[in-house]
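To keep things clear, I will list the structure first and then write my remarks on it.
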Amino acid sequence: MAVYFDNAATTPLDPEVLDAMLPFMREHFGNPSSIHGHGRKVRAAIENARKTIAHLINAAPAEISFTSGGTEGDNYAAFGSIRTLGLRHAVTSKLEHHAVLHTLQALEKTGDISLSYVQHDERGRLDLEHLDELLKTNGRSFVSLMHANNEIGNLNDIATIGDVCQAHKAIFHTDTVQTMGHYRHDVQQLKNHFLVGSAHKFHGPKGVGFLYRRPEVQVSPLIHGGAQERNVRAGTENVYGIVGLAKALEIAYREMDTHRQHIQGLKDRFIRRLTAEIEDVQFNGLSAEADQSLYTVLSVSLPPSAISEMLLFNLDISRVSVSGGSACSSGADAGSHVLTALGCDPQRGAIRFSMSKYNTTEEVDYAVEQLAKMYRRVPA
């Protein structure tokens with residue numbers, strides 16, 4: 001048996017999505033900027049995709065721009081807001097994805113901003129009182145805090161964060177890459193100015209995503225060279241990717257409740273089986289708390305062992321695909337910056353199991369059995 005539990009990294013393409021894309025790979029090849037019939041047909045497909053996404057997140061079509069994925073959307077929001085609006089201060093957390101952290105650190109290095117980090121506890125819960133203090137004392141700021149952490153699955157209360165940001169007139173960007181397609185987002189209820197999605201996280205194609213931008217925030221483009229995407233993002237559009245993105249999100253919303261129940265059941269089974277089979281197994285962050293974590297992600301902390309550094313390799317040999325890593329034990333280590341920020345023991349191995357609608361209980365049992373065998377073979 002070969003099993004794939006790395007869906008937070010990427011998901012398999014839904015066959016229905018591929019079917020929607022194929023005509024735009026084969027027959028409908030026109031450039032959407034062309035005014036002839038071939039171009040107009042493709043332009044219509046892009047605009048229909050834009051309307052679909054806008055409808056699903058309760059936005060206006062003009063508020064949706066297509067990108068190459070979540071990283072580009074994060075960069076656009078940060079660079080565009082800070083440089084166009086003249087913001088001199090930004091706030092994030094040390095638990096953010098590198099698409100946000102490295103972007104804001106680059107802006108700090110060039111002197112565009114000073115950068116502050118919201119405090120958090122040992123399980124990764126953000127201190128929103130500290131966020132309020134930072135915004136109160138630093139003038140109008142750019143704030144980037146994710147909806148769910150890609151490593152430990154913690155869900156942040158972006159509604160309350162939005163209220164805090166609004167009270168201080170801050171620009172609020174939230175990275176929703178891990179939750180788009182798994183939770184319903186209503187931008188009319190949220191106070192965020194930007195959010196992003198990436199198709200390959202919800203069974204769409206790689207290399208395409210979208211950015212939602214609230215209309216009152218007018219910022220300069222990140223990519224120049226053409227008038228595509230209403231002058232927001234230059235370059236010929238990834239047409240079949242955009243069509244696939246819209247179809248994937250449509251399917252995700254259509255089947256969300258059923259898939260959530262199925263995946264949460266797999267996660268609960270993982271927790272029960274791991275706890276029963278491996279002594280001193282723990283769970284990083286809030287990933288084992290059903291009401292406080294992303295239901296697709298479980299971050300497992302395993303007891304120190306001679307095999308800790310070879311866990312991913314050994315699981316790969318057993319045909320179990322996962323991701324993970326331990327906390328950094330020194331500045332030279334390329335370990336997890338998230339687990340390091342939480343103060344996790346670098347001697348403990350860490351594995352992230354991330355699940356999708358295609359996984360089964362049999363696959364959960366197989367993965368746990370392979371991991372348990374490794375620990376039974378090695379003396380404590």
Side-chain angles (χ1 to χ4, degrees), residues 2-57 59 61 64-73 176-182 184-185 196-212 223 226-230 232-259 262-263 296 321 354-360 363:
V3 301
Y4 181 78
F5 282 118
D6 199 18
N7 291 279
T10 197
T11 55
L13 191 69
D14 188 303
E16 192 176 342
V17 173
L18 180 59
D19 288 343
M21 294 169 63
L22 283 174
F24 294 90
M25 296 178 173
R26 293 171 173 161
E27 298 95 21
H28 308 315
F29 54 82
N31 188 314
S33 295
S34 300
I35 62 172
H36 48 60
H38 287 81
R40 292 197 305 273
K41 190 173 189 67
V42 174
R43 167 58 55 196
I46 291 175
E47 296 312 316
N48 285 335
R50 198 186 314 275
K51 289 175 185 176
T52 295
I53 294 165
H55 172 73
L56 291 172
I57 67 169
I64 304 298
S65 300
F66 294 113
T67 67
S68 63
T71 297
E72 184 187 329
T176 49
V177 164
Q178 289 295 334
T179 58
M180 189 61 63
H182 302 296
R184 288 179 170 81
H185 296 81
V196 299
S198 188
H200 74 108
K201 304 295 188 178
F202 46 89
H203 305 287
K206 296 176 181 64
V208 64
F210 73 91
L211 171 80
Y212 161 79
I223 297 174
Q228 292 89 350
E229 292 301 292
R230 297 176 174 85
V232 168
R233 192 219 191 231
T236 302
E237 295 90 340
N238 174 5
V239 180
Y240 43 79
I242 290 168
V243 170
L245 161 65
K247 176 56 70 172
L249 195 60
E250 180 184 291
I251 295 167
Y253 269 69
R254 184 181 76 207
E255 303 174 356
M256 191 177 294
D257 295 339
T258 300
H259 291 160
H262 170 66
I263 297 168
T296 58
S321 295
S354 49
M355 297 140 278
S356 85
K357 62 184 181 181
Y358 293 124
N359 289 121
T360 66
E363 290 175 335

- request: Begin from the C-alpha positions of Phe5 and Asn359 and carry the test side-chain contact (heavy atoms from CB on, under 4.5 Å) through to its verdict.
  value: CA-CA 8 Å; Phe5 282 118; Asn359 289 121; 3.5 Å; yes

- request: Take Lys357 and Asp14, measure what side-chain contact (heavy atoms from CB on, under 4.5 Å) needs, and give me the verdict at the end.
  value: CA-CA 10 Å; Lys357 62 184 181 181; Asp14 188 303; 2.6 Å; yes

query: Do Leu245 and Ile53 pass the side-chain contact (heavy atoms from CB on, under 4.5 Å) test, and can you show the C-alpha distance, the side-chain angles, and the key distance before you say yes or no?
result: CA-CA 9 Å; Leu245 161 65; Ile53 294 165; 3.8 Å; yes

- request: Take Arg50 and Glu229 through the test side-chain contact (heavy atoms from CB on, under 4.5 Å) and record every step on the way to the result.
  value: CA-CA 10 Å; Arg50 198 186 314 275; Glu229 292 301 292; 2.8 Å; yes

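A distance of 11.5 Å separates CD1 in Ile64 from CD in Glu47, rounded to the nearest 0.5 Å. Here the CG atom belonging to Leu18 is positioned 6.5 Å from the CE atom belonging to Met25, to the nearest 0.5 angstrom. Rounding to the nearest 0.5 angstrom, the gap separating the CD atom in Gln228 from the CG atom in Asn31 is 7.5 Å. For the atom pair Thr179 OG1 and Phe202 CZ, the distance stands at 10.5 Å (nearest 0.5 Å). Put simply, OG1 on Thr296 and CD1 on Ile263 are 6.5 Å apart, with the number rounded to the nearest 0.5 Å. If you take NZ on Lys201 and OG1 on Thr10, they are separated by 6.5 Å, rounding to the nearest 0.5 Å.
In this structure a side-chain-to-backbone donor-acceptor pair under 3.5 Å is missing from Glu363 to Tyr4. Within the 3.5 Å criterion, the main-chain N or O of Tyr253 finds a donor-acceptor partner in the side chain of Arg184. Looking at Ser198, its side chain never comes within 3.5 Å of a backbone N or O of Gly69 through a donor-acceptor pair. Listed for the His182 side chain is no donor-acceptor partner under 3.5 Å among the backbone atoms of His259. Checked by atom type and distance alone, the side chain of Thr11 never pairs as donor or acceptor with a backbone atom of Asn7 at under 3.5 Å. Checked by atom type and distance alone, the side chain of Ser34 never pairs as donor or acceptor with a backbone atom of His36 at under 3.5 Å.
A heavy-atom distance below 4.5 Å is not found between the side chains of Thr236 and Ser33. Contact check for Pro32 versus Glu237: side-chain heavy atoms found under the 4.5 Å cut-off. Contact annotation: the side chain of His200 never approaches that of Pro205 to less than 4.5 Å [non-hydrogen atoms, C-beta and beyond].
Residue Ala49 comes nearest to Ile242 through the heavy atom pair CB-CG2, 3.6 Å, listed as atom of the first residue, atom of the second, then distance. Smallest separation of non-hydrogen atoms from Lys51 and Pro61: CG-CG, 4.0 Å. When all heavy atoms of Gly181 and Ala252 are compared, the pair lying nearest together is O-CB, 3.3 Å. Looking at every heavy atom in both residues, Met180 comes nearest to Val196 through CE-O, 4.2 Å. Phe24 approaches Tyr240 most closely through the heavy-atom pair O-CD2, 3.5 Å.
Aromatic rings of His185 and Tyr212 (six-membered ring for Trp) have centroids beyond the 6.0 Å cut-off, not under it.
Environment of CZ in Arg26: sparse, with no more than 12 heavy atoms of neighbouring residues, nucleotides or ligands closer than 6.0 Å. Few gaps surround NE2 on His262; more than 12 heavy atoms of other groups in view lie less than 6.0 Å from it.
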